[in-house]
Amino acid sequence: MANSSVDLDGLGALRRTHACGDVRADAVGEEVVLCGWVHSSRDHGGVIFVDLRDRTGIVQVVFKPDTSPDAHGKGELLRSEFVVAVRGRVDRRSDETVNAAMPTGEIEVMVDELRLLNAATPPPFAIEEEAGAEESVRLRHRLHDLRRPPLQSALAIRHRLYQSVRAILTEGGFLEIETPTLGKATPEGARDYLVPSRLQPGEFYALPQSPQIMKQLLMVAGFDRYFQIARCFRDEDLRADRQPEFTQIDLEMSFVGVDEVLEVLEELLVRSFREAAGVELPRPFPRLCYDEAMARYGSDKPDTRIQLELVELTEVFRESEFRAFRGAVESGGIVKCLPIHDAKELSRGQIDKLESFVRKELGAKGLGWVRVTDDGGWQSPIAKFLSDDERARISEATSARPGSVLFFQADAADRANAILTRLRTDLGERLGRVDGREWAPLFLVDFPLFVIEDGQFTYAHQPFVAPLDEDLPKLESDPLAVRGTHYDVILNGVELGSGSLRNHRSDVQRRILEVLGYSKEEAEDRFGFLLNALDAGAPPHGGFAFGYDRMVMLLVGADSLRDVVAFPKTQRGQDLLMGAPSRVEPGQLKELGLRPARKDEPRRDS
RNA sequence: GGGGCGGUAGUUCAAUUGGUUAGAGCACUGGCCUGUCACGCCAGAAGUUGCGGGUUCGAGUCCCGUCCGCCCCGCCA
């Protein structure tokens, strides 16, 4: 019981005149009323100094026995995080006592009256800029963590971003329209969160993975320009940049082509970053096509600030005697290289660590490497397998020179690229091979419409993406060569958002579903309502969706979504503060027609 | 589902090869102190070493299992 030992006061008629961080020299001489939390207190026996904190900042308030014996007496009871209101006079500090490190350091408040509004348990960690505690501790004590300046500031920026987005899109003629949270389960894409229906026992709603179909329906309904700051849900495993519930800026517009959508997208991003956080993104955003991104960076979300690039060597090894590499090529894979020049600082020990890292964590078969010595020789575990011609061609392709280190991957294309792109970013950052730009936005365009997965065509993004007009004739004859109208927005190597034009003609949409392997009946069964909607007079339309949480994460420089969401989930999808998910009363289940699969075991709560 | 790192006082960490009563900083509690802002000084309290089992004369330390947090692969756009 935190407050059993002290007598509390009511707030009474006392009302704030200033926020703590707003009391400055211009208020000297005024009587002010401040409310907040005791950040720290220094009791000198006589005079007591208390740093009073609210979300605007910290101000020093002073209790003196000869100014107000009553307030001073109560001031001795103050402890960290107690909630108080003080009434007092703003004094200019003497020259020797000015604290230049504090924005309010020129003044202090001489307290005449203290009201102790609430006591508080001692904080589990200091309420400071630097966390100083493990994340599990921070998550369990989320309220204290949220009092820390980085989270206060992140949520304030998050707020400004909402306001800015709404203003910009409203100005652009977009209508904000809400779509249902209780929707229909779809077999495609991510796992759905299901909600049992009480009124239709045995049936389930699904929480939306995105409002994709609903916004297309809104276009058919003639709303022309729609947006929504939508909560989305996906029941997949978490990552630092993936929470099971997240927020998207969702947007759709009619009678436009790709360029018009990208124009809106760029404008929205540039203005909202400026208005929310004073960040200036360089315009125009460069466009990079998918094939080039994969070739040069091995990734469809490259951080182009890192200057290292990959080199394609597949053809060099097609006929090679080096069986490990040739084998990868023969089974349809690729050989690629990440050359790093002037890399003498990379020690043999570090290279060994990299090898074990890519093996263990990324599933690499190995890590071939070559170090070019001062005399031009090759120090390398694989050099002995390479012919002189191969060495010459590698040198040529990678511009290898004394001091260069080359890393090789020979594997299926997606894995080789995934491994090398990871090495590229890790080593690029570690070795400082960056171009100095703070912000590197870009559009990634010309994605393929389909990809092959387990020998079956599947959509690269989602099944409603419209193909490029000129590729339409190849839809049946050469599906993999069909490019989509899909685009991604990449910022600093993070995929912020994506979109496309959608199929507004049901005949094109049906042909695509057919390529995807749906029979006519299946297509009708699963997508009939959409196909019917298209037939009801769908306008050409397209749009995009932005990962809102990721935008805030980049804006505030956080490494994790957990630092830009007020109440995030852990990697196992739990809310450690509330204790969710949790068991429910048997009666609730019965009402829903549900029965748990397993007998209840006492669940450990910690 | 898989790989990796971690879990010792409220908190951040320490504890030799397996060896006495598991220590320190900060925080906390009590006392002293009228200009501090990392206040200072004195004293004190604080632990099921995540949990369970095993090996051993003896386990924070070794072994097995399990729970929890984080990073990554798979999964996810």
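Please read all numbers here as calculations on a predicted model, not as lab measurements. Reminder, nothing fancy here: chain letters follow the sequence lines and each chain counts from 1. These values consider heavy atoms only, across backbone and side chains, with no hydrogens, waters or symmetry-generated copies.
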What is the base-pairing partner of [N], counting Watson-Crick and G-U wobble geometry with both distances under 3.5 Å?
{"N": "rC70(B)", "answer": "rG4(B)"}
{"N": "rG23(B)", "answer": "rC13(B)"}
{"N": "rG40(B)", "answer": "rC32(B)"}

Between [X] and [Y], is there a side-chain N and carboxylate O pair less than 4.0 Å apart?
{"X": "Arg138(A)", "Y": "Asp145(A)", "result": "yes"}
{"X": "Glu106(A)", "Y": "Arg92(A)", "result": "yes"}
{"X": "Asp426(A)", "Y": "Arg422(A)", "result": "yes"}
{"X": "Asp237(A)", "Y": "Arg239(A)", "result": "no"}
{"X": "Arg42(A)", "Y": "Asp51(A)", "result": "yes"}
{"X": "Glu113(A)", "Y": "Arg87(A)", "result": "yes"}

Distance, [atom1] atom - from [M] to [N], rounded to whole angstrom:
{"N": "rA45(B)", "M": "rG65(B)", "atom1": "P", "answer": "41 Å"}
{"N": "rC42(B)", "M": "rU61(B)", "atom1": "C1'", "answer": "37 Å"}
{"N": "rA14(B)", "M": "rA24(B)", "atom1": "C1'", "answer": "7 Å"}

Students often mix this up, so state it plainly: with edges at 30° and 60°, are the rings of His461(A) and His486(A) parallel, tilted or perpendicular?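 Parallel.
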Please work out which of the three classes, parallel, tilted or perpendicular, describes the rings of Phe285(A) and Phe443(A), given edges at 30° and 60°. tilted
According to a strict under-4.0 Å criterion, is Arg562(A) in side-chain N/O contact with OP1 or OP2 of rC71(B)? yes
So, is Gln574(A) near the phosphate of rG69(B), with a side-chain N or O under 4.0 Å from OP1 or OP2? yes
Of the nucleotides [options], which has the atom closest to the [X] side chain?
{"X": "Gln209(A)", "options": "rA77(B), rU11(B), rC70(B)", "result": "rA77(B)"}
{"X": "Asp66(A)", "options": "rA77(B), rC37(B), rU34(B)", "result": "rU34(B)"}
{"X": "Glu495(A)", "options": "rU11(B), rA77(B), rC72(B)", "result": "rA77(B)"}
{"X": "Ser498(A)", "options": "rG35(B), rU34(B), rA77(B)", "result": "rA77(B)"}

When you compare the side chains of Gln248(A) and Ser210(A), does any donor N or O come within less than 3.5 Å of an acceptor on the partner? no
Are the side chain of Arg424(A) and the backbone N or O of Asp303(A) linked by a donor-acceptor pair below 3.5 Å? yes
Tell me whether Asp91(A) contacts the main-chain N or O of Arg93(A) through its side chain, where contact means a donor paired with an acceptor under 3.5 Å.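 Checked: no pair found.
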Determine the contact category for [X]: base if any of its heavy atoms lies under 4.0 Å from a base atom, sugar-phosphate if only primed atoms, P, OP1 or OP2 are that close, otherwise nothing.
{"X": "Arg42(A)", "answer": "base"}
{"X": "Glu108(A)", "answer": "base"}
{"X": "Gly547(A)", "answer": "nothing"}
{"X": "Gly363(A)", "answer": "nothing"}
{"X": "Asp43(A)", "answer": "base"}
{"X": "Ala126(A)", "answer": "nothing"}
{"X": "Glu135(A)", "answer": "sugar-phosphate"}
{"X": "Gln462(A)", "answer": "nothing"}
{"X": "Thr570(A)", "answer": "sugar-phosphate"}

Inspect the surroundings of CZ in Phe357(A) and state if more than 12 heavy atoms from other residues, nucleotides or ligands are less than 6.0 Å away.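 Yes - once you tally the heavy atoms of other residues, nucleotides and ligands closer than 6.0 Å, there are more than 12.
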Counting distance alone, no hydrogens or angles: does the base of [N] have a donor or acceptor under 3.5 Å from a partner atom on the side chain of [X]?
{"X": "Arg234(A)", "N": "rC76(B)", "answer": "no"}
{"X": "Asp237(A)", "N": "rC76(B)", "answer": "no"}
{"X": "Arg93(A)", "N": "rC37(B)", "answer": "yes"}
{"X": "Arg140(A)", "N": "rG10(B)", "answer": "no"}

With centres under 5.5 Å and planes under 30° as the test, does His44(A) stack with rC39(B)? yes
Planes under 30° and centres closer than 5.5 Å, is that true for Phe49(A) with the base of rU36(B)?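 Aromatic stack with rU36(B) present for Phe49(A).
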What does the B/S/- profile of nucleotides 22-31 of chain B look like, 5' to 3', with a 4.0 Å heavy-atom cutoff to protein? ------SSS-
Using a strict heavy-atom distance below 4.0 Å, which residues from residues 407-427 of chain A are in contact with RNA chain B?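 Heavy-atom contacts with RNA chain B come from Arg422(A).
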Take atom [atom1] of [X] and atom [atom2] of [N], then tell me their distance rounded to the nearest Å.
{"X": "Tyr193(A)", "N": "rC76(B)", "atom1": "OH", "atom2": "P", "value": "15 Å"}
{"X": "Lys64(A)", "N": "rC33(B)", "atom1": "NZ", "atom2": "P", "value": "17 Å"}
{"X": "Leu139(A)", "N": "rG7(B)", "atom1": "CG", "atom2": "P", "value": "18 Å"}
{"X": "Glu236(A)", "N": "rC72(B)", "atom1": "CD", "atom2": "C1'", "value": "16 Å"}
{"X": "Arg242(A)", "N": "rA77(B)", "atom1": "CZ", "atom2": "C1'", "value": "9 Å"}
{"X": "Glu134(A)", "N": "rU8(B)", "atom1": "CD", "atom2": "C1'", "value": "11 Å"}
{"X": "Met551(A)", "N": "rA77(B)", "atom1": "CE", "atom2": "P", "value": "21 Å"}
{"X": "Arg239(A)", "N": "rG69(B)", "atom1": "CZ", "atom2": "C1'", "value": "16 Å"}

5' priority, RNA chain B, between Ser560(A) and Asp488(A) [closest heavy atom]: Ser560(A)
Contact nearer the 5' end of RNA chain B, comparing Phe125(A) with Ser41(A):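 Mapping each residue to its closest nucleotide by heavy atoms, the 5'-most match is Phe125(A).
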Spacing of Leu362(A) atom CG and Ile419(A) atom CD1 [to the nearest 0.5 Å]: 6.0 Å
